[in-house]
Amino acid sequence: MSAIDYFEKIPNNVDLANDRTLQRALEHWQPRFLEWWREMGPNDFASAEVYLRTAVGVDAQGWAHYGTVKMPEYRWGIFLADPIADRAIGFGDSFGQPVWQQVPGEFRSQFRRLIVTQGDTEPASVEQQHRLGHTCPSLYDLRNLFQINVEEGRHLWAMVYILHAYFGRDGREEAEELLARHSGDVDKPRILGTFNEPIEDWLSFFCFCYFTDRDGKFQLKSLAESSFDPLARTCRFMLTEEAHHMFVGETGLGRIVRRTLEVMKEIGRDDPEAIRRQGAVDLPLLQRYLNFWFSSSLDLFGSEVSSNAATTFANGIKGRPDETTQYQDHVCADSTFEIEVPDGKGGVMKDTSPMRNAMNEVLRDAYIRDCEIGLKRWNMQIKRAGYNFELKLPSNRFRRAIGAWANIPTDLEGHPVSREEHDRRMPGWLPSASDRDYVKSLMQRVAEPGKMAAWIAPPDRGINNLSLDYEYVRLD
Ligand SMILES: [Fe+2]
Ligand SMILES: [Fe+2]
């Protein structure tokens with residue numbers, strides 16, 4: 001395992017000290033990053049002492065160190081997973097050849113676009129979440145929010161390292177731009193739609209971690225297959241950190257469900273008004289939040305049929321998640337994939353696409369299967385509590401803004417409906433203004449160690465074997 005050097009100005013395991021030019025470029029970028037963090041990050045909590053984990057190694061076992069840190073003093077650095085000896089290209093036209101340690105000139109712009117798009121999402125999420133600390137449901141949750149924030153900051157570092165180290169001047173300019181665009185900014189928004197959506201309450205935050213961060217996981221998994229080895233290694237280590245973000249989303253939503261079920265049991269009723277009078281989140285309201293974040297996140301995968309997707313696969317730039325273990329055919333030169341498209345007459349029809357062109361859809365399908373795991377678990381909880389209610393993912397045709405179904409009105413099951421019906425029923429499908437107001441009214445800060453807001457159950461256990469009433473964040 002390669003050790004991380006914390007004596008350096010920029011902690012790293014890439015031997016930065018022996019590459020003076022790169023080191024200087026990154027040291028030049030570092031104060032800008034810190035300035036961005038101070039302005040756009042959780043800036044009202046700069047002096048809070050937070051119980052955070054920091055990477056100390058890059059192997060799966062024991063990679064992290066836990067300790068109390070003020071966020072601006074967090075040691076953001078550059079950590080790549082260790083190289084795999086004799087790693088060969090795992091997919092596409094160059095299948096079986098040795099992986100690349102440099103970016104081939106002919107693929108440079110494709111790589112750059114992918115890296116910039118990935119890099120853009122990392123600071124975007126920090127910006128989206130920057131006021132949430134004021135309304136945390138517990139110190140445990142506050143700590144998790146901050147852990148995610150510092151790690152998304154580190155993911156930005158991960159992408160900036162690749163840009164600086166392998167893309168010369170273009171890369172340095174892109175790295176500047178990553179700090180210049182801002183989530184929701186009218187003039188310079190973030191690149192992808194979902195990353196411009198405001199996250200103003202914790203229900204949205206947990207949905208974001210569950211659905212949108214999970215898109216991130218799938219993008220990272222497919223970049224971890226890349227033939228450009230430094231990118232693959234960077235993404236592999238990012239995935240180690242990402243697992244916690246998935247955990248926060250899944251357990252956050254699960255704890256909301258658990259609390260709601262407790263309230264339903266206490267009052268012996270399941271109508272939303274009665275549940276809201278007890279200050280909990282009724283399940284239909286939760287369903288509408290799921291509908292919103294799931295449908296928004298589906299667009300992040302792009303169009304069902306895409307020549308771009310075909311080229312990045314053919315060229316060995318971006319593979320499929322778990323390429324080696326999940327698939328037999330790694331070349332996909334003449335296989336096909338069946339997709340469902342609008343038939344132009346208000347219905348659905350099947351269409352066949354060359355497999356390579358359908359890679360976005362292959363990824364989206366895998367993502368949807370992964371999203372279903374949590375819902376199954378929550379539905380078990382609901383069923384065990386004796387209620388006849390099922391949380392569902394809407395159809396992947398519902399409320400799409402990108403691809404074959406863009407702007408085609410459908411109901412939650414994906415059946416095309418008239419525009420009139422669509423608009424009329426929408427308040428039952430997505431959070432309404434009054435839903436949002438209600439959720440907002442729940443957002444009162446609980447900051448006493450061990451205490452939880454009334455709308456969420458406590459977690460099963462604390463962080464790193466500490467008790468639940470540990471003071472995970474010391475506010476002053
Ligand atoms: Fe990330
Ligand atoms: Fe994440």
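Counting starts at 1 for both ligands and their atoms, in listed order. It should be emphasised that the depicted structure is a prediction, and the values quoted were computed from it without experimental measurement. Just so you know, these numbers use all the heavy atoms, side chains as well, and skip hydrogens, waters and symmetry mates.
Taking the Fe ion (ligand 2) as the corner point, the angle from Glu242 atom OE2 to Glu152 atom OE2 is about 170° (rounded to 10 degrees).
With a cut-off of 2.8 Å, the Fe ion (ligand 1) has no N, O or S atom of His245 in range. The Fe ion (ligand 1) has Glu122 among its coordinating residues (N/O/S atom, backbone or side chain, under 2.8 Å).
Between Tyr166 and Phe111, the distance from one ring center to the other does not fall under 6.0 angstrom.
No other N/O/S atom of His155 lies as close to the Fe ion (ligand 1) as ND1 does. The nearest N/O/S atom of Asp213 to the Fe ion (ligand 2) is OD1.
Only one option out of Ser296, Ser295, Ser125 pairs with Thr194 in a side-chain hydrogen bond (donor to acceptor under 3.5 Å, both in side chains); it is Ser296.
Between the side chains of Glu152 and His245, at least one donor-acceptor pair of N or O atoms lies under 3.5 Å.
By the 30° and 60° cut-offs, the orientation of the rings of Phe167 relative to Phe228 is perpendicular.
Closest of all the heavy-atom pairs between Ser303 and Ser306 is O-CB, 4.1 Å.
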